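Source: prediction; values computed, not measured.
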Amino acid sequence: QVQLVESGGGLVQPGRSLRLSCAASGFTFSNYAMNWYRQAPGNERELVAIIWPSGGSYYADSVKGRFTISRDNAKSTVYLQMNSLKPEDTAVYYCNVVHQGRAYWGQGTQVTVSS
């Protein structure tokens, strides 16, 4: 069955970088778009980035120019490289895929940006 497992979160100072990973299994990874979302306390869950099987990508305006989504199909893993981090990036970050009409989510990984 579909499983998504995020890793790489932690506490970082403003201006520093962090790379998140999402390991996927239970489906043909290379055929699906993969998504990153985030949710801060008191906020709605926000779409951060998408990467399609073609390699094309989408970014929310709030992260454009700072974050990069990528995928390694051989490892069935999607990444989110986060540079120039700001306190407002603090959130739980989730990996997501829509498979056979159902949305699947990882457990989330906490990113805290604070001095």
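- Proximity of a side-chain donor or acceptor of Gln107 to a complementary backbone N or O of Glu6 within less than 3.5 Å is detected.
- No side-chain heavy atom of Tyr32 sits under 4.5 Å from any side-chain heavy atom of Ile51.
- Panel note: side chain Thr77, backbone Asp72; no donor-acceptor pair is recorded below 3.5 Å.
- Note that the CE atom of Met82 and the CZ atom of Phe67 stand 5.5 Å from one another [nearest 0.5 Å].
- By the 6.0 Å and 45° rule, Arg38 does not stack over the aromatic ring of Tyr94.
- Atoms CH2 and CD1, on Trp52 and Ile69 in that order, are 9.0 Å from each other to the nearest 0.5 Å.
- Within the 4.5 Å cutoff, the side chain of Asn73 has heavy atoms near those of the Phe29 side chain.
- Side-chain contact check for Cys95 versus Val78: some heavy-atom pair is nearer than 4.5 Å.
- Placement of Tyr37 and Tyr58 within a single hydrophobic cluster is found when ILVMFWY residues are connected by side-chain heavy-atom separations under 4.5 Å, directly or transitively.
- Atom CD of Gln81 sits about 12.0 Å away from atom CZ of Arg66, to the nearest 0.5 Å.
- Remark: the backbone N or O of Ser30 is not paired with any side-chain donor or acceptor of Thr28 at under 3.5 angstrom.
- Listed for the Asp89 side chain is a donor-acceptor partner under 3.5 Å among the backbone atoms of Lys86.
- Put simply, Ile50 and Val63 are part of two different groups of oily side chains (I, L, V, M, F, W, Y) that touch within less than 4.5 Å, one to the next.
- A 6.0 Å sphere centred on CD of Glu44 holds no more than 12 heavy atoms belonging to other residues, nucleotides or ligands.
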Which side-chain N or O atoms in residues 97-106 pair as donor and acceptor under 3.5 Å with protein atoms at least two apart or in another chain?
none

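- Hydrophobic clustering of Ile, Leu, Val, Met, Phe, Trp and Tyr side chains at less than 4.5 Å, counting indirect connections, unites Val111 with Met34.
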I'd like a table of donor-acceptor pairs (distance under 3.5 Å, sequence neighbours excluded) in which one partner is a side-chain atom from residues 10-27, with atom names and distances.
{"from": "Ser17", "atom 1": "OG", "to": "Asn83", "atom 2": "OD1", "distance (Å)": "2.8"}

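- Taken together through direct or relayed side-chain contacts under 4.5 Å among Ile, Leu, Val, Met, Phe, Trp and Tyr, Leu4 and Leu80 form part of one hydrophobic cluster.
- Listed here is the closest heavy atom pair of Tyr59 and Thr68: OH-CA, 3.3 Å.
- In this structure, the separation between CD on Gln110 and OH on Tyr93 is 9.5 Å, given to the nearest 0.5 Å.
- Here the straight-line distance linking atom CD of Gln3 with atom OG of Ser76 works out to 12.5 Å at 0.5 Å rounding.
- Side chain of Ser62 to backbone of Ala60: no donor-acceptor contact under 3.5 angstrom is found.
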